[in-house]
Structures are given as C-alpha cells and as structure tokens.
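Lettering follows sequence order; numbering is per chain, from 1.
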Number of protein chains: 2
Amino acid sequence: MKLVTLKDGSRDGQLAVVSRDLAQAHFATGIATRMQQVLDDWNFVSPQLEDLYTTLNHGKARHAFAFDARQCMAPLPRAFHWVQVDAYPDAAERMLRALGVEPPAALRETPAVRAAAGDGLLGAHDEARFAATAPAPDFGPQLAVVTGDVEAGTPADRALDGVRLVLLANAWRSGEEAAAAPPAAFAPVAVTPEELGEAWRGGKLQLAIETRLNGRRFSRLDAAAGMRWHFGRLIARAATTRTLGAGAIVGTGPVGARDAADGAGCIAERRAVEAAAGGEPATPWLAFGDTVRVEAFGADGASVFGALEQRVSERDE
Amino acid sequence: MKLVTLKDGSRDGQLAVVSRDLAQAHFATGIATRMQQVLDDWNFVSPQLEDLYTTLNHGKARHAFAFDARQCMAPLPRAFHWVQVDAYPDAAERMLRALGVEPPAALRETPAVRAAAGDGLLGAHDEARFAATAPAPDFGPQLAVVTGDVEAGTPADRALDGVRLVLLANAWRSGEEAAAAPPAAFAPVAVTPEELGEAWRGGKLQLAIETRLNGRRFSRLDAAAGMRWHFGRLIARAATTRTLGAGAIVGTGPVGARDAADGAGCIAERRAVEAAAGGEPATPWLAFGDTVRVEAFGADGASVFGALEQRVSERDE
C-alpha cells in the first residue's frame, strides 16, 4: 500500500492512503491519524489501512479526493531516529582518492553511520534553506526504509524483516558538516515492500533514481547496482549496539554508481571525478534559486514515490 | 513545576505532576497524557499543569498517590532531537593533552556538537546494557534542557528563552563511538526553570552533580563553575543552521571541572589525568555488575531531579 502525510497545520500532519496510480487519496481517520501511530502498532493498524487501500484502488472509497503531492509533508515528519548508513562506498572511495587520500579498509568492510536529528524533516516541495555562508551546498538523493522495532544485535537477514515502509529521500549536505545543511527531505509517498513487487528483492530495490538540476538531468542511477550492502545489512549496522524503535528511518547515504562513468549521485562526487581527471572541478555547487528534482522510476517507467522538487533558497539571518 | 513520565506499558508512558518534595504524584489526565503533547502546545497546556502542581503542593489534589521514582521512564522517553553540545571544554582539553595532542583552537571557540538517535532513552533505573566487546564503557553525567521551537540562527540570549524544562542525564559512552553505548538515561523529574529559583541564573544551574560508583563517591562537581558556555549558547549552537523543534533535548556533554584537582566527570577524564601525572591510568573502565548513581543537589542539599541509579549489564548477543 501507499501512505502519505498531508499538511493540516499540525506538527505531524494527517495520515492518508493514496491509490496505486497516485490519483486519489483518502484520509485514514477512524484507523489512525498520524504515521507514527501506524508504526507503533503496525500489526494491528496496517491491515485496516490495507483494506482501505484496496477499496480506494477499486474506486469504492466513499470520501476519496484528488491527490495533490504539493500538500504533502514528509511521510514521517518527525522521526525519533534518523540515520544514514553508507551503502555506496565506491562513490565515497572515488571522492577520497580524488583528494589524494587512500580510502581506509574499514570503508569497504563496514558501512559508515551518521545519525542526525529527526525533527523538522522536509516535505517534497518545501524549500531547502541554506545560510549564505554554508559551504558547498549539495544534494544527496537516496532510498530509505522505515523500520519496526529491531533489537540490538539482530543479524542482517532478520533485520530485513523489520522493513515497514520504503521512502525516497534527499539528504541535503553542506561541506563536511551535515548539520550545516537543512533537514533531509522526503518524497510524498511511503510504499510497503509488498507493494513494490518484483522490484524489491534481496533487500535492494531495482529502480532508477533520477536527479534533475534546474530541469536538466544531472544523473540517473540504478539504485541496486551500486549498493554494496542490502537494507538488512544497513539496518543491522544501525542496530549493532542499540535497539531501533518503531519508526526509525535508515537511509543509504547518497546513491552512487559502481563505475564513475555511470554518473554521480551528488555534486561532490562529480567534482571529485572531474578533479581526478586532471582538471579543476567544473560543476559548481548549488546556488540560491536552483531547483533540485529527485524521482525514482520503476521498470514500467512509473514514478514510485512521487517527486521531490525543492528550491534552494537563502535562510534569513 | 515538576513533571515525570510513568511507565504504563506504552512507548511514551503517562504524564504526571509530582510535588515539590517528590513525595506525591498526580496523573495529568484531562490535561495531557504524554510529555511531547505538553511541549508541542506549551503555552496552552503548561498553565493547566501549573494549576495542578499548586493544588498538589497544597495537599488538595484529589487523586494524589505516593511517588515512586522506580516507576519512571525518562521524562521524554522518545525525543525527535537529542544532541550534546560540549560546554566543558577544559576537561576535553585535558584528555587530549594527556594523549599528547594539542587541543585545536576551535574547541575553545565553538562548542562541539554530537547528535544521536532519540528513541529508547532510558529511565533512571533501567539497566545500561553494553555488548561484551564494547570498548571502554564509561558514564557521562550532565544537565540537559528540553526546548520549545527555536528558529535557526536564533542568538544565544533569545535562545535561552527557549528552555522549557531542565533535566539530569547520564549519557553512556564507549570508546570513541558513542553509538556503541546504550542510549542516554535521564533522572525521573523534569523541572521548569522558574521552579529552580535562584539556582538558575545566567543560563547556568548552580548545583552539584554527584556521581557514585558502586556506592562510593567518584566525584562531586559544580555544574556551573566549569561550564564555559551557558545554555543559551548551547541551544544557539545546536540551532546555528537548523530549527529545533519543540521537545529537542540539548545536553552539556559530561560535566567537568575547570581545574583537574576538583575531580573528573567521567572515567576517561580521570584516566587522562592519571596518565598525565606520569603513571599508567589506575581507574578501570566500567565492568558488568557495576552500579552508577548520579544525582544533583541544590544549595539546600535537596535532590533536584531525583537520582539515576543504573546497573551496568551485559547485552545478550
């Protein structure tokens, strides 16, 4: 099924179910009002939402309305746990080599983990506000999963069972310090693994993540091909030493290709490739007024999560 | 006023008000059931809780019951934002010098920030479970504040107005990687700044934080004396580039003294002092079965937040 959180002036928004084709929506009132409620009590609540989803897809939901992605908040607007676990170390290694640094072996053996605050996560059309002084503003398109409760020390294969929802994210970055960037943004629609069908296999999602900068394609990358560790491994890594509570969001870190010729997931990587080719980096960092669009397409060409489309703007100070 | 969250089998627990002397409690049912609700709607909800607090202190609350600190969860058991901003750089500098590293100037100019996941925060009597392989298990006693909404870029003086509640915390640590430690634990009682009276001034809290290891005093440190930056500065630092949502918890990092002779806030610091004195570090890291008690005392000798008392135990793997 597909779930969204609609703006209603509250901090957590209003939970709704959307149809498979993203044309219709229906509030989940009477079942649950907030996404975190669903995650806290998944086994009880999610079957009721599935029923509503089926009814909606059959055109029989009584209070359905046209779905407008611009009314969406992040599917989970406030998360108690938001962490990126880098699943694309090839890209990270390329960046280090371009800086003349030999990548540490640990990078290849264990995915790196970066926790960040989970409040104020951005909706798909919210502005990405950087300070005028923020160094090297950049985007970081990636898939993410929302988990149920995952006990500390859970092995990778069982950790994969903890996946409740799959998301598309753009984790903004600025220089070395992720905290200098605005909070991460999320595409409107959260999708259950079952709904993804054949594209979800082996803990990876077979689809293309396309990033457009001011309307022009920046890259289109196979999310599965360059992913060294599947989501079970990423979740297990985040839960190595501590339990993940229901509603934890685990992102892959910026999508990257195994081979640099296939394109770069972010500006930093492209600049590194340009520098490694002997020249000065030619691709500029993001500037105020730029628009970044991130979207994921299945084999049938359909947009799976809806699009992220954000304007980069200056934060008042 | 003084607020607590009592265990009720749910993830967020049940909000209650406790009397000034910590003898009586009263559920806040009818006003709010969860701490986050209060923070989300502070101006509307907190006056009602203040009324109940006054009634309770006058011995006139109808359904008051004896307060039992062992029934407490962390005051905010799940936080959307939990960050430590190091307010005691003298101790950090001593540790670096003991390792033969000259402290970077930045450490003295700008407090360092460490974000962590906010789910599964521990109650005052919950076990602190480390993996058998966790390096250098250690404690990190400190004060923390819970904020309201604080806009990105808010200056320190105004950021101080964002303090809603003051907490006593123990942020467990393990080696360099905080993520290898169990989640931070919190003393039972959350206290409003007004309730702290004269002890709360200039954005610092005048009290002594005492840490006991297996019943013996490890240290007793003046929380204000060694604090280089007041809470307004710490909040402003955390909000330099991003808005803090209501319910953000900002800790000071482990309490430390300006002068090493006054004692050490954690085992790592004491070992560093021992090493700097020329010998091998004599103080062992925590071992399974150890009990750590952290408590804060006002000038009148009263326990302000109730005690944290946790057993260090081994996590099953």
Give me the ring orientation class for B:F80 and A:F80: parallel if the planes are under 30° apart, tilted from 30 to 60°, perpendicular past 60°.
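Geometry flag for A:F80 against B:F80: parallel rings.
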
Whether [Y] and [X] form a salt bridge (side-chain N of Lys/Arg under 4.0 Å from carboxylate O of Asp/Glu) is what I want to check.
X: A:D86; Y: A:R114; result: yes
X: B:D119; Y: A:R242; result: yes
X: B:R34; Y: B:D40; result: no

Heavy-atom pair count under 4.5 Å with chain A, highest-scoring of B:A248, B:G245, B:P155, B:G120:
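Heavy-atom pairs under 4.5 Å are most numerous for B:G245.
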
Greatest number of heavy atom pairs closer than 4.5 Å to chain B - which of A:D149, A:T154, A:V83, A:L121
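Greatest number of close heavy-atom pairs with chain B: A:D149.
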
Which atoms of B:A152 come close to chain A, meaning under 4.5 Å heavy atom to heavy atom: side chain ones, backbone ones, both, or neither?
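Both the backbone and the side chain of B:A152 come within 4.5 Å of chain A.
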
Can you say whether [X] sits under 4.5 Å from chain B via the side chain, the backbone, both, or neither, judging by heavy atoms?
X: A:A246; value: both
X: A:R11; value: side chain
X: A:D41; value: neither

Does any N or O in the side chain of B:N170 come within less than 3.5 Å of the main-chain N or O of B:G140, such that one atom is a donor and the other an acceptor?
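Yes; judged by distance alone, with no hydrogens or angles, the pair exists.
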
